Peer 1: 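Just passing along the structure, written as C-alpha cells.
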Amino acid sequence: MHEIIICEKPKASEKIASALSGKAIKKNYKRVPYYELQNNGKKTTVLAAVGHLYSLAPTKRGKKIFDVDWVPLYEKDKSKKYVKNYIDAIKKLSKDADTFIHACDYDIEGTLIGYNALKYACGDESVNKAVRMKFSTLTTEDITEAYQNPITLDLNQVDSGIARHVLDFLFGVNISKYLTDSVMKATKRYIQLSAGRVQTPTLSILVDREKEIHKFIPEPYWLIKARLEGKITADHKKGKIFQKEDADGILADVENKDAKIKKIDLKKTKKPRPFPFDLGSLQSEAYSLFGFNPKKTQQIAQNLYTEGYTSYPRTSSQKLPKSIGYPKILKKLSKSAAFRKQVDKLKKPYKPNEGKKTDEAHPAIHPTGSMPKGLAKDSQKLYELITYRFISVFGEDGLVETMKTDLTIGSQNFIFTRKRTVKMGWQEQYPFRKVENDDFPPISEGDVLKVKKIISEEKETKPPARYNQASLIRELEKRGLGTKSTRANIISILYDRKYVEGNKIKVNFLGEHLIDTLKKYSQKITSEELTREFEEKLEGIMGGEAQKDNIIAEAKVEITSILDDIEKNKLKIGEELYDAYRKSMIVGECKCGKNLILIDSPRGDPFVGCSGYPECKSTYSLPRGAVILKTKCEKCDLPLISYGKPRQRACLDLKCGREGREPTNEVVGTCPDCGNELIKRSGRYGEFIGCRGFPKCRFTKSIEEKS
DNA sequence: GCAAGGTC
C-alpha cells in the first residue's frame with residue numbers, strides 16, 4: 001500500500017505530515033521537500049504543490065481565443081521555473097501509489113489546485129480514486145479529524161473552479177487583445193492594453209473619483225478663531241460659516257470683548273487595544289507609517305514568512321487562536337532586550353484582542369518567535385511592526401483624558417478641546433503612533449480670559465480626496481473585488497499600463513479614455529456586476545443546478561458580440577486610444593514648443609522624445625529607474641529627473657550645465673505638526689513632501705502640480 | 001503579449 005497526500009503549499013505539507021505522525025521523515029527531490037511516514041505497514045508520502053501548478057493556455061491559434069486547456073505553469077510563465085521541480089516531484093513520487101488524498105485548502109481554488117495536480121501529475125486514474133480531507137485550520141486536531149473522516153471529492157466544486165478560470169480568461173484575454181489590435185490596425189503602433197473582471201472596475205472606481213473631483217465646485221466658507229491668553233486658540237462653535245455676512249456679524253459682536261469660560265467638561269475615554277494584522281491592515285499600516293506600497297509590503301511579508309520569522313501573510317484573519325501557542329512565542333521574543341522590555345509589562349494570563357474578520361485557513365499575521373538576524377532595513381522595519389503589533393494586542397487599553405471647554409465672547413459661543421494620555425497601555429508596546437499629549441491650561445469655569453486676537457480665515461470646501469494604494473485596497477476589499485492575495489498586484493498593473501500615476505492616484509488620459517471606450521462596447525466589464533454575475537453562476541455549478549459547459553458556451557456568445565462590435569469600430573477606437581496614450585505620456589515641453597513624450601517601446605529602454613518628430617529630432621536618454629518630475633530646470637526649463645540611490649536630481653538634459661545634483665530630500669519648509677524640517681521625498685509613483693521626523697511624525701502633503 | 005488566482 002502506498003498512500004499519497006497532496007497539499008496546497010510546502011508549509012501545509014510540513015504541518016500535515018507532523019500531525020499524522022511524530023516520526024515523519026523529511027526528504028527532498030530536486031530541492032522540493034516531501035515527507036514519508038509509516039502507519040501499520042502502510043507507506044504515506046506527503047507532497048506539496050505551490051499554489052496553481054497548471055494554467056490555462058490557448059490550444060488553437062486565432063483571432064478569438066475560445067479553446068483553452070491546462071498547461072504546466074512554467075511553460076507559460078518563464079518566471080515560474082521553480083514550479084517544474086514541484087510537478088516533477090509529484091510525478092516521480094506518486095508512481096507506485098494506489099491511494100490518493102486531496103488535502104488542499106477547502107475552497108474553490110484549493111479544490112482545483114489539488115484536482116489538477118492529481119489529474120495532470122498523478123494521472124487520470126488518481127482522480128477517480130481520490131478522497132478529500134476537509135479542515136479549516138492546520139492544527140493537529142483538525143488534521144487528524146479530517147484524515148480519519150475523508151469525504152468524496154466534490155466534482156461540482158472542481159467544475160466551478162474551472163469555470164471561474166475559463167470565464168476570466170475568455171473575457172480578459174480576448175478584450176485585451178482586441179483593444180491592443182485596434183491600436184495596431186489604426187496606427188501601426190504597439191501599446192499594451194488590458195481589461196479584466198477586476199482590473200477594469202478598479203480603474204473605473206478611480207475614474208469616477210476623478211470625475212467627482214472635476215465637477216466639484218468649491219464653496220467659500222469662513223472659520224473664526226480666537227487667540228486667548230495662555231496660548232489657547234478657540235474655534236467658533238458653528239465651525240464652517242458659509243455666509244460672509246454671518247462671519248462679519250460674529251466679528252462685530254466679539255470685537256474688544258473678553259472670553260468667559262462657561263463650562264469645562266473633563267472626560268476619560270478608553271483607547272482600545274488594536275487588532276492583530278490581516279494582510280489588508282498590514283498593507284495599510286505599512287503604507288501610512290513607512291510609505292511602503294502594498295505590493296512591497298506583501299513581498300517583504302512573504303520573505304519573512306519563508307525565512308520562518310513571521311506567519312503566513314495572505315490571511316484575512318484578525319484572530320489569534322490559542323493553538324498558535326502565544327505564551328511560547330512571547331517568551332522566545334524576550335530573547336531580544338527591546339521586545340522583553342514590552343513583553344514583561346503584559347498581564348498574565350495572556351489574552352489577545354481580536355477583530356471580527358476570519359479566514360478559513362490561517363490565523364492573523366504574527367511573529368513565530370524565531371529571531372531574525374541581518375535583515376535588510378525595510379524587512380527589519382516590517383518585522384518590528386508585525387512583532388510590536390502582536391505584543392500590543394495583549395496589552396491593556398489606554399486612557400485618554402479630554403478637556404472640552406465652552407466659552408463665550410460677547411454673545412458668541414466658542415470651544416476648544418485638549419487631549420492628554422493618562423494611561424499609555426498598549427501604546428507602550430506599539431511605538432509607531434503619536435500619543436496625545438496636550439497641556440491642559442490652568443483655568444476654571446467662570447474665569448475671564450483676555451482675547452489677544454480674532455482671526456477670520458477664508459477657506460474653500462475641498463473635492464473628495466484621490467485614493468492612494470492603501471485606501472484603494474480597502475475600497476476593493478469593501479466591494480469584494482479581487483482577493484487578499486491579488487489586490488496589490490492588480491493596482492500595480494494599472495500603473496504598469498500607464499492608466500494611472502502618482503502616490504495620490506491620478507487617472508491618465510489613457511485610463512479615462514479606456515473606461516469611456518469599454519463603457520460603449522462592454523458596459524459589464526467596467527462594473528462590479530461581472531464579479532457578482534460570476535459568483536451567482538459558480539454558485540449554480542456548485543449546487544448542481546447549472547452545467548459548467550453551458551455557462552462557458554453562453555459566455556462565448558456574449559463575448560463574440562462584444563468583440564465583433566469592437567472589430568467594426570477598430571479604426572476609431574484604435575486612433576482615439578493611441579491619442580489618449582500619447583497625451584498620457586507627455587512629460588513636459590520641448591524647446592521647439594511641442595510636447596516632450598516618454599517613449600516606452602517594448603524593445604529597448606524608455607527615453608524622452610519630441611512629439612514633433614521627425615521635424616524635431618530632440619531626444620534624451622534616461623538613467624535606469626529615473627522618475628520624471630513636474631519641476632522644471634531653473635536653467636533651461638526642461639523637466640528635472642530624479643534617479644539613482646540615494647536619489648539625486650538632475651536636468652533631463654544632462655549637458656544643460658545645471659549645477660549640482662542635489663539629493664532629492666531638499667528642505668522645503670517646516671512641519672506644521674512637529675516643527676521639524678519638511679523635505680521632498682520621491683518614490684516610484686512620484687514626489688511628495690514629508691516630515692524629517694518620520695515615522696514619529698506622519699505629516700505628508702502632495703506637491704502642487706503646475707498646470 | 002493579453003486575466004485572475006494560487007504560491008515561492
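Every value quoted in this text rests on a predicted model; they were computed, and no experiment measured them.
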Peer 1: Given side chains that start at C-beta, do those of A/Tyr178 and A/Lys64 come closer than 4.5 Å, heavy atoms only?
Peer 2: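 A/Tyr178 reaches A/Lys64 side chain to side chain.
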Peer 1: Are the side chain of A/Gln380 and the backbone N or O of A/Leu375 linked by a donor-acceptor pair below 3.5 Å?
Peer 2: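 Not a single qualifying donor-acceptor pair exists.
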Peer 1: Should the pair A/Lys11 and A/Tyr305 be classed as cation-pi, given the thresholds of under 6.0 Å to the six-membered ring centre and 45° from the axis?
Peer 2: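 The answer is yes, since A/Lys11 meets both limits relative to A/Tyr305.
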Peer 1: Report yes or no: is the cationic atom of A/Lys92 (NZ for Lys, CZ for Arg) under 6.0 Å from the centre of the six-membered ring of A/Tyr34, at an angle within 45° of the ring normal?
Peer 2: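 Relative to the ring axis of A/Tyr34, which defines the angle, A/Lys92 lies outside at least one limit.
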Peer 1: With side chains defined as the heavy atoms from C-beta onward, is the minimum distance between A/Arg389 and A/Glu285 less than 4.5 Å?
Peer 2: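 They are in contact (side-chain heavy atoms under 4.5 Å apart), so the answer is yes.
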Peer 1: Can you tell if the side chain of A/Gln283 reaches within under 4.5 Å of the side chain of A/Lys484, non-hydrogen atoms only?
Peer 2: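 Answer no - side chains too far apart.
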Peer 1: Counting primed atoms plus P, OP1 and OP2 as sugar-phosphate and everything else as base, spell out the protein contacts along nucleotides 2-8 of chain B at 4.0 Å heavy-atom distance: B, S or - for each nucleotide, 5' to 3'.
Peer 2: BBBBBBB
Peer 1: Which residues in residues 529-563 of chain A have a heavy atom closer than 4.0 Å to any atom of DNA chain B?
Peer 2: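 Hits under 4.0 Å, by residue number: none.
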Peer 1: State, yes or no, whether a side-chain contact exists between A/Ile491 and A/Val500 at a heavy-atom distance under 4.5 Å.
Peer 2: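 No. Closest side-chain heavy atoms not under 4.5 Å.
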